[in-house]
S.K.: 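One structure is given below, represented as structure tokens, and several questions about it will come after.
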Amino acid sequence: MELWKSVLFLNSVLLLVLFFGFVSCQVSIPSKQDGFWYENRNAKTDSILIEAFFDPVCPDSRDSWPPLKQALQHYGSHVSLVVHPFPLPYHDNAFISSRALHIIDKLDAFATYRLLESFFDQQDKFYGKATFNLSKASVVDEIAKFTSNAIGNSNYAAIKAGFTDPKTDHATRISFKYGCVKGVYGTPFFFVNGFPLPDAGSALDYKGWRKIIDPLFSPAGQWKN
């Protein structure tokens, strides 16, 4: 029995290696970096970089955002964040909501995180029974209206047109493929300075972020309040 379990485990690992290798070979290099910079603040050479892979309709992604945001406010410009949308295939309307983020980022990059927080606050509108009997076109229309209301303007026509723009479709696919290349398999998934954190798929509280980030500061190796 133990031998059989070992064989199954090795087969699973081999399949994952082959899958990620296949994705790596198939993804063309995009013209710009993927992701949305928090407060449009790109990483400096001396700042700590957090990469977060979020699904807008994932409850665990939702729960992980407030403590991460609190940590970002605490460290200020010493820490930079870039969020990559990673639409999980088993979450209803994850791809459409992730595409909405790309559409808004193109129209008004300062509104991207406001829309992400709106999705987190009202996730129940876009999965399960709420959209079970709706066509894809109807869901797109509902998300376009939601997006327009969430960012505080009436630019509904431009947002709706974004869902027929092949560039936003491509950008959303690139986000997912980038996550696959990085070995992301669930959300939330975090990297700090390029290295993955353990316990992927689980929310990390504020104390957890302090425990991870504080020791990274030099020369003392501890963040000073």
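Not measured: the values here are computed from a predicted model.
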S.K.: Which heavy atom in A150 sits nearest to a heavy atom in S118, and how many Å separate them?
M.R.: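 Closest pair (atom of A150, atom of S118, distance): CB-OG, 3.4 Å.
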S.K.: Quick check on side chain to side chain contact (heavy atoms under 4.5 Å, CB included): which of V82, V184, L197, I50 does F191 satisfy it with?
M.R.: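 That would be V184.
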S.K.: Give the cluster check for Y90 versus F176: same hydrophobic cluster or not, with ILVMFWY residues linked at side-chain heavy-atom distances below 4.5 Å.
M.R.: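 They do share one cluster, since a chain of ILVMFWY contacts under 4.5 Å joins Y90 to F176.
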S.K.: Between D34 and A171, which heavy-atom pair has the shortest distance, and what is it?
M.R.: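 Looking at all heavy atoms of both residues, the closest pair is OD1-O, 4.2 Å.
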S.K.: Quick one: CG on L81 to CZ on F36, what's the gap to the nearest 0.5 Å?
M.R.: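 Here the interatomic distance stands at 11.5 Å.
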S.K.: Going by distance alone, is a donor N or O of one side chain under 3.5 Å from an acceptor N or O of the other, for D55 and T187?
M.R.: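 There is no such pair (donor and acceptor under 3.5 Å, judged by atom type) between the side chains of D55 and T187.
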S.K.: If you group Ile, Leu, Val, Met, Phe, Trp and Tyr by side-chain heavy-atom gaps below 4.5 Å, do L72 and L216 land in one group?
M.R.: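 Yes, same cluster.
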S.K.: Hey, does T112 have a side-chain heavy atom less than 4.5 Å from the side chain of Y38?
M.R.: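 No; the side chains remain at least 4.5 Å from each other.
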S.K.: Any side-chain donor paired with an acceptor under 3.5 Å for N93 and T131?
M.R.: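 On atom types as modelled, these side chains qualify, holding a pair under 3.5 Å.
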S.K.: Could you give the distance from OG1 (T147) to CG (L115), rounded to the nearest 0.5 Å?
M.R.: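 Atom-to-atom, T147:OG1 and L115:CG are 4.5 Å apart.
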S.K.: Determine yes or no for a side-chain-to-main-chain donor-acceptor pair under 3.5 angstrom, with N193 supplying the side chain and L49 the backbone.
M.R.: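 It does hold such a pair.
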S.K.: Is there a side-chain contact between K136 and I96 (heavy atoms, below 4.5 Å)?
M.R.: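 Yes, close enough: below the 4.5 Å cut-off.
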S.K.: Once you measure the plane-to-plane angle for F146 and F126, does it fall in the parallel (<30°), tilted (30-60°) or perpendicular (>60°) bin?
M.R.: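 Because their plane-to-plane angle is over 60°, the rings of F146 and F126 count as perpendicular.
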S.K.: Would you give the length of the straight line joining atom OG1 of T168 to atom CG of L107, rounded to the nearest 0.5 angstrom?
M.R.: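 The distance works out to 10.0 Å.
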S.K.: Does D141 reach the side chain of K160, with side-chain heavy atoms less than 4.5 Å apart?
M.R.: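 SC-SC contact between D141 and K160 confirmed.
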S.K.: At their closest point, which heavy atom of S77 faces which heavy atom of S47, and how far apart are they?
M.R.: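 It is O-CB, 3.9 Å.
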S.K.: Output yes when a side-chain donor or acceptor of S98 lies under 3.5 Å from a complementary backbone atom of T172, and no otherwise.
M.R.: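 Side chain of S98 to backbone of T172, a donor-acceptor pair under 3.5 Å: no, none is there.
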S.K.: Between D165 and K106, does any side-chain N to carboxylate O distance fall below 4.0 Å?
M.R.: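 Salt bridge between D165 and K106, a charged N being under 4.0 Å from a carboxylate O: yes.
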S.K.: Enter the distance from F190:CZ to L68:CG here, rounded to the nearest 0.5 Å.
M.R.: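 With rounding to 0.5 Å, CZ (F190) is 5.5 Å from CG (L68).
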S.K.: Is there a donor in the side chain of S175 and an acceptor in the side chain of H102, or the other way round, less than 3.5 Å apart?
M.R.: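 Indeed, the side chains of S175 and H102 share at least one donor-acceptor pair under 3.5 Å.
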S.K.: Look at atom OH of Y206 and say whether more than 12 heavy atoms of other residues, nucleotides or ligands are closer to it than 6.0 Å.
M.R.: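 Counting other residues, nucleotides and ligands, OH of Y206 exceeds 12 neighbours.
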S.K.: Flag the pair Y75 / F217 as yes when their ring centroid distance falls below 6.0 Å, and as no otherwise.
M.R.: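 Under 6.0 Å, so yes.
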S.K.: State the CZ-OH distance between F120 and Y113, to the nearest 0.5 angstrom.
M.R.: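 Reported to 0.5 Å precision, the distance equals 10.0 Å.
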S.K.: Can we call the ring centroids of F119 and W65 under 6.0 Å apart?
M.R.: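 Not close enough - the centres of the two rings lie 6.0 Å or further apart.
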S.K.: Centres of the Y185 and F189 rings: under 6.0 Å?
M.R.: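 Yes, ring centres under 6.0 Å apart.
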S.K.: Find out whether I159 and I151 are in side-chain contact, i.e. whether some heavy atom of one side chain is under 4.5 Å from a heavy atom of the other.
M.R.: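 In short, these two side chains touch, coming nearer than 4.5 Å.
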S.K.: For the pair E51 and K182, find out whether any cationic side-chain nitrogen is under 4.0 Å from an anionic carboxylate oxygen.
M.R.: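 A salt bridge links E51 with K182.
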S.K.: Give a yes or no answer on whether the side chain of D105 reaches the backbone of L101 with a donor-acceptor pair at less than 3.5 Å.
M.R.: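 No, the answer is negative, given that no donor and acceptor are paired below the 3.5 Å cut-off.
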S.K.: For A144 versus Y156, what's the shortest heavy-atom pair and its separation?
M.R.: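 Smallest interatomic distance, heavy atoms only, reads CB-CE1, 3.7 Å.
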S.K.: Any donor-acceptor pair under 3.5 Å linking the side chain of R99 with the backbone of F163?
M.R.: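 Confirmed, R99 side chain pairs with F163 backbone.
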S.K.: Would you say Q33 has more than 12 foreign heavy atoms packed within less than 6.0 Å of its CD?
M.R.: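 Atom CD in Q33 is not packed in, count stays at 12 or less.
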S.K.: Could you tell me whether F86 and F54 have their ring centroids closer than 6.0 angstrom?
M.R.: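 No; F54 has its ring centre 6.0 Å or more from that of F86.
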S.K.: For this output row, return yes or no: ring centroids of Y127 and H91 closer than 6.0 angstrom.
M.R.: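 For Y127 and H91, the ring centres are not under 6.0 Å apart.
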S.K.: To the nearest 0.5 Å, how far apart are OG in S97 and NZ in K125?
M.R.: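 These two atoms lie 14.0 Å from each other.
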S.K.: Assess the side chains of S138 and S135: does a donor N or O sit below 3.5 Å from an acceptor N or O?
M.R.: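 Judged by distance alone, the side chains do pair up.
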S.K.: What about F110 and I104, same hydrophobic cluster or not, with Ile/Leu/Val/Met/Phe/Trp/Tyr joined at side-chain heavy-atom distances under 4.5 Å?
M.R.: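 Cluster IDs for F110 and I104 differ.
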S.K.: If we only count heavy atoms from C-beta on, is the I212 to L204 side-chain gap below 4.5 Å?
M.R.: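 A side-chain contact exists here, since the closest heavy-atom pair is under 4.5 Å.
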